Amino acid sequence: MSGTFRAHVGFLFLCLTSLRGQGRYLDVQENEITPEGLLSLLNSELKRELPDDVVYRRPLRCLDMISVEGQFTFSADRPQLNCAAFFIGEPTDVISVEYNAVDIDCRGGDFVKVFDGWVMKGEKFPSSQDHQLPLFERYVDYCDSGSVRRTIHASQNVAMIFFRLHQPGSGFTITVRKLRNPFPCNIISQTPEGSFTMVIPQQHKNCSFSIIYPVEIQIGELSLGHINDFKRSLPGCAGSGDFVELLGGNGVDTSKMYPVADLCYSFNGPAQMKIGCDNTVVRMVSSGKFINRVTFQYRLLNRQELQKLKGNSVEDFCFIE
């Protein structure tokens with residue numbers, strides 16, 4: 001099995017797991033998904049080369065993952081009470097969701113809600129600490145906004161919709177687009193291998209790059225605008241106001257993840273670390289006074305490396321070297 005194939009299957013399993021539990025906005029039951037269903041989801045999202053003037057169209061599933069632009073239609077053939085679709089783009093994309101047609105019974109309890117980010121296993125990405133909007137503004141309910149907000153722009157390369165339809169024949173059509181983001185912030189990687197440069201240009205904000213796989217992180221360059229003579233008033237790098245931290249954990253909320261390392265001095269690498277967690281995050285905190293930059297690459301750990309980390313680790317939740 002290739003690394004890319006393993007990555008996508010792992011990603012799909014994580015999406016499925018996120019819908020098995022109870023959340024604030026969606027009561028979810030078990031979904032009837034087979035291994036063949038997983039492969040069907042995977043194959044449906046293979047990259048397609050289409051002419052510029054051709055719009056890709058397909059039905060939307062009750063549980064779905066969308067990584068391509070196009071128009072997607074959901075039509076209920078029976079009551080569908082616990083559905084969600086995850087949207088993801090490249091790191092430099094932001095997701096746009098446009099309602100083309102909606103035929104649901106809002107008064108009867110139907111809803112279609114777009115969320116600015118992802119909700120997985122009750123946790124949210126980006127975390128409330130890292131998103132510029134309060135949590136309640138990140139949910140946009142069609143039944144509340146109607147035609148006032150026919151297009152919703154996410155703040156990063158991931159978004160999702162929750163929907164509940166009670167009557168057969170109800171449904172909706174949406175168009176998903178990917179818009180260019182000149183300064184990407186709060187990213188989930190589609191793959192377990194790659195490289196990225198994160199830049200925060202004199203903005204007071206926090207940005208995370210999340211890799212939902214156990215990986216080796218290698219930082220090639222870290223450039224922080226402050227002079228490295230700050231006074232340490234707090235443990236770690238918090239006293240600097242501008243720093244990068246590596247996090248590991250089994251959820252997606254960075255505020256609930258384990259701090260692996262703090263980096264608050266500029267340097268030219270490489271500096272590397274293996275983190276055997278379900279999720280590995282490079283998170284940059286910026287005071288807004290400087291231009292901060294970090295360049296890194298990452299790769300999926302193989303089975304032997306994971307076994308070695310597990311044998312050497314005293315941590316219960318994941319394995320770090």
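Here the structure is a predicted model, which means the values were calculated and not measured.
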With rounding to the nearest 0.5 angstrom, report the [atom1] to [atom2] distance, [X] to [Y].
X	Y	atom1	atom2	answer
I275	T280	CD1	OG1	4.5 Å
S210	N157	OG	CG	9.5 Å
S287	N292	OG	CG	6.5 Å
R177	E69	CZ	CD	8.0 Å
Q156	D93	CD	CG	11.5 Å
Q218	Q297	CD	CD	4.5 Å

Any donor-acceptor N or O pair under 3.5 Å, side chains [X], [Y]:
X	Y	answer
T92	R180	yes
T254	S127	yes
T191	Y213	no

Report yes or no: does [X] contribute a side-chain atom to a donor-acceptor pair with the main-chain N or O of [Y] at less than 3.5 Å?
X	Y	answer
K121	N250	yes
N268	E221	no
W118	F87	yes
E305	N302	yes
N186	S155	no
E98	T175	no
Q71	R57	no
R150	Y99	yes

The side chain to side chain contact (heavy atoms under 4.5 Å, CB included) partner of E216 among E193, K274, M273 is K274

Looking at [X] and [Y], what are the two nearest heavy atoms and their distance?
X	Y	result
F196	P91	CE1-CB, 3.6 Å
V176	V68	CG1-O, 4.4 Å
L165	S170	CD1-O, 3.8 Å
Q203	S286	O-OG, 3.0 Å
C264	F243	CB-CB, 3.9 Å

Show your working on side chain to side chain contact (heavy atoms under 4.5 Å, CB included) between I219 and F267 and close with a plain yes or no.
CA-CA 9 Å; I219 297 179; F267 67 88; 3.8 Å; yes

Please answer: with hydrophobic residues joined when any side-chain heavy atoms are less than 4.5 Å apart, are [X] and [Y] in the same cluster?
X	Y	result
L133	I200	no
I95	Y56	yes
I152	I66	yes
F72	V94	no
V158	V281	no

For the rings on F296 and F209, is their centre-to-centre separation under 6.0 Å?
yes

Assess the pair F111 and F162: is the distance between their ring centroids shorter than 6.0 Å?
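No, the ring of F111 stays outside the 6.0 Å limit from the ring of F162, centre to centre.
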
Counting neighbours of CD on Q167 that are heavy atoms of other residues, nucleotides or ligands and sit closer than 6.0 Å, is the number greater than 12?
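No - once you tally the heavy atoms of other residues, nucleotides and ligands closer than 6.0 Å, there are 12 at most.
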
Just to verify, which of H131, R138, Q132 counts as forming a side chain to side chain donor-acceptor pair (under 3.5 Å) with D116?
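Answer to the side chain to side chain donor-acceptor pair (under 3.5 Å) test with D116 among H131, R138, Q132: H131.
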
Using 4.0 Å as the upper bound for N to carboxylate O, is an ion pair formed by E245 and R283?
yes

